[in-house]
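One structure is given here, and the rest of the page talks about it.
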Amino acid sequence: MAQSDRAQQHVHPTALLYCADADRVLERCGIPRVHLVGHSARADVARHLAHDRPELVASLVLLEPALPRAAGEPASAAMPNAIAAARAGAWEAAFDAFLTGVCGPGVRDLLADRLSEEGLTAAVGTSRHFFTRESTASADWEFGAPQLSAVRAPVLLVVGGGGDRLGTPHRARAASIAAHLPHAETVVVDGLTHAMPLEDPVRMAAVVRGFVARHPLTGSTG
């Protein structure tokens, strides 16, 4: 089966486009091998690219992947509440419901501080695509145990310890994913939530740097 055919079976259409874009950028830049770092849904994209292009990916750092969901994971009202608001056209309420549910009540202040008020406004506007396209497409996404087990790159799963206080499902999802990945490690960063790249970028950069340093771009991943 061709790589493109496999891709269409195992990833939702939006993520498929992101994978193709990343592949083209790397090819045009003449970059033959990379470390991939992905956060949330982009971690799912990175994992798929490692599955479909194993020769390209030296290692994966996955910050709280959005999918696949774990059996018995804690129920979270964040997405259902956000989708309900989005269907009513209340985009600001949808944005707040989702991010407050997974990142805590201070997330708007954090975004305004890191992105500026203009950046926060732009983020609310662009979230329409997430609520109307990506969330719907993800329901058809298939990337289960057989595909996970086929990923050969070393993987670091990063979980925010602050999510336990919020009742998010990411620790359970990371554990479920790790059970099927042959080269997976998991690290919990205390005090951080799903917004970890913005909450403490220096700390997160150190986590990434420490992992990829052990997996140089040259040589085989095994």
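We count residues from 1, following the sequence as given. When reading the values below, keep in mind they use all heavy atoms of this one structure, side chains included, and skip hydrogens, waters and symmetry mates.
A distance-only check finds a donor-acceptor pair linking the side chain of Arg114 to the backbone of Glu199 [under 3.5 Å]. Looking only at distances, no side-chain donor or acceptor of Asp52 sits under 3.5 Å from a matching main-chain atom of His48. Panel note: side chain Arg53, backbone Cys19; no donor-acceptor pair is recorded below 3.5 Å. Of the possible donor and acceptor atoms, none in the side chain of Ser40 sits under 3.5 Å from a partner among the backbone N and O of Ala66. Side-chain atoms of Ser176 do not come within 3.5 Å of backbone N or O of Ala172 as any donor-acceptor pair.
Note: Phe130 and Phe98 have tilted aromatic rings, judged against thresholds of 30 and 60 degrees for the angle between ring planes.
Taking the salt bridge (Lys or Arg N to Asp or Glu O under 4.0 Å) definition, one finds that Arg24 meets it with Asp21, sequence neighbours left out. Listed by chain and residue number, Val188, Arg203 satisfy the side chain to side chain contact (heavy atoms under 4.5 Å, CB included) test with Asp190 (two or more places apart in sequence, or in another chain).
Counting only heavy atoms from C-beta outward, the side chains of Met204 and Val158 approach each other to under 4.5 Å. Between Leu111 and Leu99 the shortest side-chain heavy-atom distance falls below 4.5 Å. Using a 4.5 Å cut-off on side-chain heavy atoms (C-beta onward), Ile177 and Pro68 make contact.
Remark: Arg173 CZ to Glu73 CD distance equals 4.0 Å, nearest 0.5 Å.
Salt-bridge formation is detected for the pair Arg214/Glu185: a Lys NZ or Arg NE/NH1/NH2 atom is positioned less than 4.0 Å from an Asp or Glu carboxylate oxygen.
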